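Worksheet for the structure shown next.
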Number of protein chains: 2
Amino acid sequence: MSLRSQMLKGILEGCILSIIHQQPTYGYEISVILQEYGLENISEGSIYPILLRLQKEKLIIGEMRKSESGPKRKYYQLTEDGNEALKEFYLQWEAIKNPVDNIVHQGG
Amino acid sequence: MSLRSQMLKGILEGCILSIIHQQPTYGYEISVILQEYGLENISEGSIYPILLRLQKEKLIIGEMRKSESGPKRKYYQLTEDGNEALKEFYLQWEAIKNPVDNIVHQGG
DNA sequence: ATAAGCTACCTTGTTATACAAAGTAGCTTA
DNA sequence: TAAGCTACTTTGTATAACAAGGTAGCTTAT
């Protein structure tokens with residue numbers, strides 16, 4: 001398993017919450033959006049299990065909608081608990097990013 | 001298991017490499033240094049296994065030295081492979097940090 | 001002396017997660 | 001009718017942080 005895979009643990013979930021928070025969206029599009037943000041090659045094997053997990057934890061809710069082109073899509077949006085979890089992710093991200101940045105910039 | 005624990009996966013190892021790169025040091029002191037950087041409550045149950053793993057992968061080498069006060073200390077320093085791994089960590093950290101920051105700041 | 005408390009190291013078992021790999025199926029276009 | 005894209009799902013694997021426990025040396029107060 002790659003270093004990147006390890007480093008993404010826990011982070012990817014928060015990113016997906018954040019993307020859904022911006023606009024209701026579905027799995028396949030999330031992979032495209034992540035790409036656009038620079039997180040390339042995040043496979044569906046990562047994204048869909050996260051969506052199912054988030055749904056199970058009631059942080060998001062899904063709804064099937066017909067597509068004008070292609071199969072039906074499962075659009076997700078955040079629940080109230082999801083908004084809380086997202087806030088918590090933001091806090092944790094800052095609490096990790098800043099120290100790590102300082103360690104990295106001091107050393108290298 | 002906490003969100004923070006998940007988010008630290010892979011990252012903590014790179015931080016420890018970076019700290020050892022700055023100056024040869026030992027496990028107990030690393031926990032203090034991490035604290036000072038703001039990564040609080042990183043337990044020895046996290047640090048020592050990482051040090052043993054890094055040593056096994058020949059990214060660091062350890063050497064016991066007497067302490068003027070207290071038990072002997074195992075000082076570690078980076079090997080050539082360790083320097084390579086550290087550079088790779090820096091690259092991966094930037095490759096993850098920037099996209100995640102953009103996702104986070106876009107969303108909220 | 002001796003107990004308490006800090007320093008310092010190590011090990012075992014648990015839990016969670018990214019991802020590879022494989023499968024299913026609808027729609028469009030050549 | 002086949003290729004190729006869209007879109008969702010499931011199974012199994014590897015790995016890492018950490019809780020919890022253990023060992024032991026040194027210093028200081030009682």
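In the text below, chain A, chain B and the rest are named by the order of the sequence lines, each starting its count at 1. Predicted model, so just to flag it, every value in this text is computed and none were measured.
For K66(A), no side-chain nitrogen or oxygen approaches OP1 or OP2 of dC27(C) to under 4.0 Å. Residue R53(B) has a polar side-chain atom (N or O) positioned under 4.0 Å from OP1 or OP2 of dA16(D). The phosphate of dT9(D) has OP1 or OP2 within less than 4.0 Å of a side-chain N or O from K74(A). The shortest distance between the side-chain N/O atoms of Y28(A) and the OP1/OP2 oxygens of dT6(D) is below 4.0 Å. Close to dC19(C), at under 4.0 Å from its OP1 or OP2, lies a side-chain N or O of S46(A). For dA20(C), the OP1/OP2 oxygens have a side-chain nitrogen or oxygen of S43(A) closer than 4.0 Å. Applying the 4.0 Å criterion to OP1 and OP2 of dA7(D), one finds that Y26(A) has a side-chain N or O inside that range. At the phosphate of dT28(C), neither OP1 nor OP2 sits under 4.0 Å from any side-chain N or O atom of S69(A).
Of the listed nucleotides (dA18(C), dA17(D), dT10(D)), dT10(D) has the atom at the smallest distance from the side chain of P49(A).
Residue G45(B) is in base contact, counting any heavy-atom pair closer than 4.0 Å across all strands shown. Across all strands, L51(A) comes closer than 4.0 Å to no nucleic acid atom at all (heavy-atom distances).
Using a distance-only test at 3.5 Å, with no hydrogens or angles considered, no donor-acceptor pair links the side chain of S67(A) to the main chain of K72(A). Using modelled atom types, one side-chain atom of H105(A) and one backbone atom of D101(A) make a donor-acceptor pair closer than 3.5 Å. No side-chain donor-acceptor contact under 3.5 Å links Y28(B) to the backbone of E44(B).
Placement of L52(A) and Y26(A) in two distinct hydrophobic clusters is found when ILVMFWY residues are connected by side-chain heavy-atom separations under 4.5 Å, directly or transitively.
Rounded to the nearest 0.5 Å, atoms CG (L3(B)) and CG (L91(A)) are 10.0 Å apart.
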Practice item. Go through the steps to decide whether R73(B) and E29(B) satisfy the test salt bridge (Lys or Arg N to Asp or Glu O under 4.0 Å), and finish with yes or no. Key: CA-CA 10 Å; R73(B) 298 163 176 170; E29(B) 195 181 41; over 6 Å; no
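Side-chain contact between Y76(B) and T25(B): absent, with no pair of heavy atoms (C-beta onward) separated by less than 4.5 Å.
Residue side chain E44(B) does not reach the base of dC18(D) through any donor-acceptor N/O pair under 3.5 Å, judged by distance alone.
Taking five base pairs at each end of the helix from dA1(C)-dT30(D) to dA30(C)-dT1(D), the local helix axes there meet at an angle of 10°, rounded to 10°.
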